[in-house]
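Structure, as structure tokens:
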Amino acid sequence: MTSKYQAGLFDLDGVIVDTAKYHYLAWRNLAHKLGFEFTEQDNQRLKGVSRMRSLEILLEVGNLALDEAQKTALAKQKNEEYVSYIKQLDRSELLPGAEACLQQLREKGIKIALGSASKNAPLILKNLEIEHLFDAVIDGNKVAKAKPDPEVFLLGAQELGVPAMDCVVFEDAEAGLQAARTAGMLAVGIGQAQDLPSADIVFPGLYAVQLDDLFQF
Ligand code: BG6
Ligand code: MG
């Protein structure tokens with residue numbers, strides 16, 4: 001691998017912070033209200049997936065067909081519960097090595113963007129006190145097409161003013177890695193290799209990434 005990358009694009013949930021447990025709590029409670037079980041295994045299917053698509057998967061699990069107005073109301077209900085959890089989020093929930101990784105890249109002059117599907121990203125960044133570490137924030141409020149569409153990362157590269165081919169994406173979801181590849185970027189998987197077939201390289205967490213192997217320092 002050549003050390004030519006000039007920018008890092010980071011997914012949020014599952015890469016920088018462990019919010020999956022709160023998404024799961026809120027989705028599971030919604031499933032219970034609707035009268036069915038939603039297991040942790042079912043929840044794996046929601047990783048990296050947009051809020052509405054997550055609801056559709058949940059309704060598939062419960063074998064329920066609802067109209068658009070009902071779906072919108074349920075997604076709102078789930079989000080209100082999720083937001084009540086992340087309002088309490090603090091720096092202790094930063095994943096190991098995440099902040100150090102962002103800081104080290106900044107010190108070396110590498111541009112950094114967030115590339116997240118979440119519409120709640122601004123609140124999460126604020127509560128983690130890491131907003132100042134990003135040169136650009138692309139989140140669910142800015143993109144029309146969900147991962148695996150590359151829009152979120154292409155917009156990130158554009159806002160940073162760095163060609164796509166010089167960007168590295170850090171992602172814990174297979175859909176996000178596919179998006180990175182389609183965008184022509186290096187796709188770094190965070191997690192277990194067997195879950196991330198589209199990754200160019202996989203690390204168990206940001207703490208394990210050898211930054212000077214990847215970036216043009
Ligand atoms: C992604 C999460 O980052 O954001 C998904 O991995 C979530 O689980 C998606 O559904 C949308 O998040 P939000 O906060 O806008 O509902
Ligand atoms: Mg993620």
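Values below: all heavy atoms of this structure, side chains included; hydrogens, waters and symmetry mates excluded. Numbering of ligands and ligand atoms starts at 1, following listing order.
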Nearest-0.5 Å distance that lies between atom [atom1] in [X] and atom [atom2] in [Y]:
{"X": "Y82", "Y": "W27", "atom1": "OH", "atom2": "CH2", "answer": "11.0 Å"}
{"X": "L89", "Y": "Y22", "atom1": "CG", "atom2": "OH", "answer": "6.0 Å"}
{"X": "L9", "Y": "I138", "atom1": "CG", "atom2": "CD1", "answer": "9.0 Å"}

Report task. Let me see the working for R181 and E171 under salt bridge (charged side-chain N to carboxylate O under 4.0 Å, His left out), right down to the final yes or no. Result -> CA-CA 11 Å; R181 283 198 158 217; E171 251 295 347; over 6 Å; no
Are any of the side-chain nitrogens in [X] or [Y] under 4.0 Å away from the carboxylate oxygens of its partner?
{"X": "E99", "Y": "R91", "value": "yes"}
{"X": "E81", "Y": "K76", "value": "no"}
{"X": "E174", "Y": "K147", "value": "no"}
{"X": "R106", "Y": "D135", "value": "yes"}

Heteroatom distance test ([X], ligand 1): nitrogen or oxygen, under 3.5 angstrom:
{"X": "K119", "answer": "yes"}
{"X": "D11", "answer": "no"}
{"X": "D13", "answer": "yes"}
{"X": "R51", "answer": "yes"}

Query raised in the report: Applying a strict 4.0 Å limit to heavy atoms, is G48 in contact with ligand 1?
Result: yes
Query raised in the report: According to a 4.5 Å side-chain heavy-atom criterion applied to Ile, Leu, Val, Met, Phe, Trp and Tyr, with indirect links allowed, do L105 and V169 form part of one hydrophobic cluster?
Result: no
Query raised in the report: Are I190 and V168 in one and the same hydrophobic cluster, where Ile, Leu, Val, Met, Phe, Trp and Tyr link if side-chain heavy atoms are under 4.5 Å apart?
Result: yes
Report task. For Y82, take its heavy atoms, then give the atoms of ligand 1 lying under 4.0 Å from any of them. Result -> 14 (O)
Report task. Heavy-atom contacts with S54 under 4.0 Å: which atoms of ligand 1 show up? List them by number with element. Result -> 10 (O)
**Report entry** Protein contact of atom 5 (C) of ligand 1 - nearest heavy atom, named by residue and atom, plus distance
**Finding:** V49 O, 3.3 Å
Query raised in the report: Closest non-hydrogen protein atom to atom 8 (O) of ligand 1, residue and atom name please, with distance?
Result: L46 O, 3.2 Å
Query raised in the report: What are the two closest non-hydrogen atoms of G189 and A199, and how far apart are they?
Result: N-CB, 3.8 Å
Query raised in the report: For atom 12 (O) of ligand 1, which candidate among S118, A146, G176 provides the closest heavy atom?
Result: S118
Report summary line: Within the 2.8 Å cut-off the protein N, O or S neighbours of the Mg ion (ligand 2) are D11 OD2, D13 O, D172 OD1
Report task. Just let me know how H23 lines up against ligand 1, side chain, backbone, both or neither, with a heavy-atom cut-off below 4.0 Å. Result -> side chain
